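To start, the structure itself, in structure tokens.
Reminder, nothing fancy here: chain letters follow the sequence lines and each chain counts from 1. As the structure is a prediction and not an experimental result, all values here were calculated from the model.
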Protein chains: 2
Amino acid sequence: MTGYDLKRHFDSTVGHFWTADKAHIYRTLAQLVAEGCAEVETVAGAGAPDRQEHHITAAGRAALAAWLASEPERHVERDPFLARVFFGADLDDDGLRSLFTRRREAVLAQLARFERMRAEAEASDRGARLRLATLDNGIAHLRTELAWLDTVEEEVV
Amino acid sequence: MTGYDLKRHFDSTVGHFWTADKAHIYRTLAQLVAEGCAEVETVAGAGAPDRQEHHITAAGRAALAAWLASEPERHVERDPFLARVFFGADLDDDGLRSLFTRRREAVLAQLARFERMRAEAEASDRGARLRLATLDNGIAHLRTELAWLDTVEEEVV
DNA sequence: CGACCATAGTTGACAAGTCTACTAGGTGAC
DNA sequence: GTCACCTAGTAGACTTGTCAACTATGGTCG
């Protein structure tokens, strides 16, 4: 893929568990090439600028395999919504209700996007099933978030 | 609180949705004081080093209120476990099973910690109920993760 | 014809956050 | 008595990631 392709993939398919800035993508690609994990092939663009297509090398595959088998790095949690709930007592009733309402709307919108993607997806082989499973993970957590919002709004507001 | 107190609170009560490095905490406190959002009071330590107790100022309360009412920043997701699942087709069966098993163990351990905290907690006033709600949010998502793991392991492995 | 949009990529300056090592006093174990 | 650990805080170097601006080319819309 090119950096541009990668950016689009990050924004669409894996965006719910991994985001990336394009400046970061291009710099990381350059680093991967410098490390011998990827190779670049310049392809003349058809009615568009030239594309710098990046291909994984044998060394890159080995590095990927090592990373896949390694212990997942501890995920740094940082949820600005929950942080607001934590200090929610400093909000008035309207502010608190608004906080929950906006959250619900954002979750519902995200859920609708995911379910549309889910409907269009195919679980042809194991790889596709696993990629689909990450989407199902997102959907399951969004539904949990909605159920939790229901309980909290009933109990607290 | 002192930076030291804050570090302990981050690690215990809010760690599941907001982590912090102590170097970062001390620097942020210094910045808050420089901005007039906090004041420092040096308290002689009782059988321990002096404590730099930080107290919120009126300006700090105003900034907190503004932040509470503001739109929650878009949370940057970055989940190293789901990233591995996404590329899981490049793992052999044992590797994939091990990935899920280790995840399940980590989730169960975290869930046990949260449920112990939940049992010890009291929902005395609205503030306490809201803080408890953030814990319940963590518990709900951990249970969802376990249920999802069950489904995935049945379907894919 | 000009405005705007999509493709494709680059760069500098920053902000955010982490790692490591350090100072320094008091407590408890062996 | 010395070693490890807890409290409490500081500081430099570093990595990571973001923002904003920039260069290009070609196509569509009014």
Of A:Thr28 and B:Glu53, the one whose nearest nucleotide on DNA chain D sits closer to the 5' end is B:Glu53
Separation of atom CZ in B:Phe10 from atom P in C:dA16, rounded to whole Å = 15 Å
Just how far, in rounded Å, is C1' of D:dA13 from NE2 of B:His24?
-> 17 Å
If two hydrophobic side chains count as joined below 4.5 Å and joins carry through other members, does B:Val43 share a cluster with B:Val40?
-> no
Counting only side-chain N and O atoms of A:Arg8, is one of them less than 4.0 Å from OP1 or OP2 of C:dA6?
-> no
Min side-chain heavy-atom separation A:Glu145-B:Asn137 under 4.5 Å = yes
Length of the CZ-C1' vector between A:Arg27 and C:dG12, whole Å | 8 Å
From CG of A:Leu29 across to C1' of D:dG17 the rounded distance in Å is 15 Å
Closest nucleotide among C:dT11, D:dG9, D:dG17 to the B:Tyr26 side chain = D:dG9
Could you check which of D:dG12, D:dC6, C:dT7 has an atom nearest any side-chain atom of A:Ala48?
-> C:dT7
Grab the CG-P distance between B:Asp50 and D:dT10 for me, whole Å please.
-> 11 Å
Quickly work out the B:His54 NE2 to D:dG9 C1' distance and round it to whole Å.
-> 10 Å
Tell me which nucleotide among D:dA8, C:dG9, C:dT18 gets nearest to the side chain of B:Asp5.
-> D:dA8
Look at A:Tyr4 and C:dG9 and indicate whether a side-chain polar atom (N or O) is within less than 4.0 Å of OP1 or OP2.
-> no
If only side-chain N and O atoms of A:Thr2 are considered, is one of them under 4.0 Å from the OP1 or OP2 phosphate oxygen of C:dT7?
-> no
Are A:Val14 and A:Tyr4 connected in the hydrophobic side-chain network, where two residues link if heavy atoms are under 4.5 Å apart?
-> no
Interatomic distance, A:His9 NE2 vs C:dA8 C1' [rounded to whole Å] | 16 Å
Among the candidates C:dG9, D:dT18, D:dA8, find the nucleotide nearest to the side-chain atoms of B:Arg78.
-> D:dT18
Looking only at D:dT18, C:dT18, D:dA21, the nucleotide nearest the B:Asp21 side chain is C:dT18
Quickly work out the B:Leu6 CG to D:dA8 C1' distance and round it to whole Å.
-> 13 Å
